[in-house]
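Notes for the one structure printed next.
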Amino acid sequence: MSIMELQDVRQVFRRGGKEVHAVNGVSLTVGKGETVAVIGESGSGKSTLGRVALGLIKPTSGDVVFDGIALGSLSKKEMRALRSRIQVVFQEPYESLNPRIKVGDIVAEPLIIHRPEMSRAQRRAAVIAMLERVGLTAEHAERLPRNLSGGQQQRIGIARAIITEPELVVLDEPTSSLDVSVRARVLDLLRDLQREREISYVFISHDLATVGLISDRVAVMYLGKVVEQGPTQEVLTNPRHPYTKALLSATLSTVVGQRREHVPLRGEIPNPSKAPTKCVLSGRCPVEIAECSTWPVNLLPVADRHDVACLRADADREPAALGGPR
Amino acid sequence: MLRVTGLTSQFRGRAGVVRAIDDVTFEVPEGEAVGIVGETGSGKSVTIRSVLGLLPSYGKVVSGSAEFEGTDLIRLHRSRLREIRGARIGFVAQNPFGSLNPVLSIEKQFRNVMRAHRRISRSDLRDLALERLESVQVRGPERVLRGYAHELSGGMAQRVVIALAMLHDPSLVIADEPTTALDVTVQRQILDLIDAQVKQGRRSLLLVTHDLGVVAQYCHRVVVMKSGKVVETGLVADVFTNPSHDYTRQLLAAVPPAPWAAVPSLSGPEVHR
């Protein structure tokens, strides 16, 4: 059963007469209780995709279907009601918390909006229970965000997101600004909460190591397109797209001497000022052939549930197939 | 090359005086790369800023020394320290756009850095700058030289900063989280570049990072810091395989293994150029 489906989503921003093609036809399905990671560097469109999934921006084209409901068909009021079921946790915990409001009131706020029938006492009890669930205490409710550590602040962000019992939570780089020792514990918390409540996660990240720990499936985005997707272990241990390989080879091991051959990409991610007319990696790719720059390359299955958008996906497997499009 | 002994610095704040680093001692031997690792607030950045005389106005070194090529940097007059910084010690900071002047052309910044330490004609300087930009793999160096920082991507800007830091052929390079602000695929390029520049010039490197993987792959020695104190130092090969301090052990355990490390053969299916 899927809880959310993104169908051929495109997002074009217009800024001062210029176009930015942030997302170029992305389809993604998130199952109930599943964690789907969206991996990419800055400019890949991963955060825009997250905002589309949250219903915060309306895609230029394509549909977002949540639990059978097309978000595009909803009125403002209906959309607001649905928000309690789709929540978000941001990267910078401190910046996403109002610095003048006590922690207890921050966590209570979604309840005031979405559960107006609750009494003050009920709300208070729910907030304390939630704080305790994320590893804090009733005493923290009286503090201001700045008097908490980064890890505690992110726990508040998580408590605020799940207090309305959402079915889907978009986690936008939730652990990127945390120190490693804190990061592991926050990931544990997210995993436990998912198991208890069958929440689905869309986990947006640039860090493959973190994604390897928490996600069931992964979609690798580059320049507004998904270039590779599949079960996390399969993609991480058997990457087929040169971009995924480059990302993986950039992750350094803490084991001395354990080094992966560097897959170099030329230059840096270009500005997405037009819709792609060729493979998105064309110009940077180490295995590019002439056909790569003639048309956009779409996702094709290479194994069970493993899709890759690359004409050279088999390049290192079947030497006989080199040099020609399939 | 660099010997830091008992370095202690304080910050004056609303809450009174805070000891930011306490009795920090370590060495950077000639030709070696030393990594300082630690989490937020461990004092790793304060340590190198103390050494370089770059503490903010509310910070102060209260005791200790930092001996570099026979001179104690801590006791040096500011103008003498400025001469050493830039000429003998190259500094690469985290944010390249903070290091570059937004209103001066890149060429003008090369000129300023050059003239701070040496007289050189305009055309000689131009040739040298072009050569140095090429050596850090900046594409279209003529265009970059004419242009301004804001026209560069993060990775290109950091390459320019590295070229500027190497301009006077320093014997020691100090880098403070030089890739943290950059994208993952660019990070590896910049680390390889710093590594190559240090090795080619037979320089020593002091690298501050929160990323244990960077230390494991690019450094000979490591200094592990926590709450302003050094908890462990030694060869990377020893400390990472057999940490003697609990904190180092915890830190190493918290880092997930490289996601590709599960691949049985390390060489794996490779992409060839």
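Quick note on labels: first sequence line is chain A, next is B, and so on, each numbered from 1. Any value given below was found using the heavy atoms of this structure, including those in side chains, with hydrogens, waters and symmetry copies removed. None of these values were measured; they are calculated from a predicted model.
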Check whether [X] gets within reach of chain A through its side chain, its backbone, both or neither, counting any heavy atom under 4.5 Å.
X	answer
B/Gln250	neither
B/Glu39	both
B/Asp211	neither

Would you confirm whether B/Gln94, through its side chain, and B/Ala181, through its main-chain N or O, come within 3.5 Å as a donor-acceptor pair?
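Looks like no, no N/O pair under 3.5 Å.
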Does a donor on one side chain and an acceptor on the other come within less than 3.5 Å for A/Ser282 and A/Ser293?
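Not at all, the side chains of A/Ser282 and A/Ser293 share no donor-acceptor pair under 3.5 Å.
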Answer with yes or no whether the side chains of B/Ser9 and B/Ser50 bring together a donor and an acceptor at under 3.5 Å.
yes
Chain B: which of [options] shares the most heavy-atom pairs with it under 4.5 Å?
options	answer
A/Gly150, A/Ser42, A/Ala246, A/Gly212	A/Ser42
A/Ala184, A/Gly43, A/Ala209	A/Ala209
A/Leu208, A/Leu187, A/Leu252, A/Ile269	A/Leu252

Kindly check if the number of other-residue, nucleotide or ligand heavy atoms within 6.0 Å of CZ (B/Arg12) is above 12?
no
Chain B contact via A/Val211 - which portion, at a heavy-atom distance below 4.5 Å
neither
Toward chain B, the part of A/Leu248 with a non-hydrogen atom under 4.5 Å:
both
Heavy atoms only, distances under 4.5 angstrom: which of [options] has the most pairs with chain A? Name it, please.
options	answer
B/Gly155, B/Gly213, B/Ala253, B/Gly154	B/Gly213
B/Pro257, B/Ala216, B/Ala237	B/Ala216
B/Leu252, B/Thr40, B/Asp183	B/Asp183

Is any NZ, NE, NH1 or NH2 atom of the basic residue among A/Glu228 and A/Arg240 found under 4.0 Å from an Asp or Glu carboxylate oxygen of the other?
no
Contact list for residues 178-235 of chain B, test ring-ring contact (aromatic ring centres under 6.0 Å, His included), sequence neighbours left out:
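Matches after skipping sequence neighbours: none remain.
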Pairs touching residues 207-231 of chain A that satisfy ring-ring contact (aromatic ring centres under 6.0 Å, His included), sequence neighbours left out:
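Of all non-adjacent pairs touching residues 207-231 of chain A, those that pass ring-ring contact (aromatic ring centres under 6.0 Å, His included) are A/Tyr222-A/Tyr243.
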Heavy-atom closest contact (B/Thr47 atom, B/Gly43 atom, distance)
OG1-O, 2.7 Å
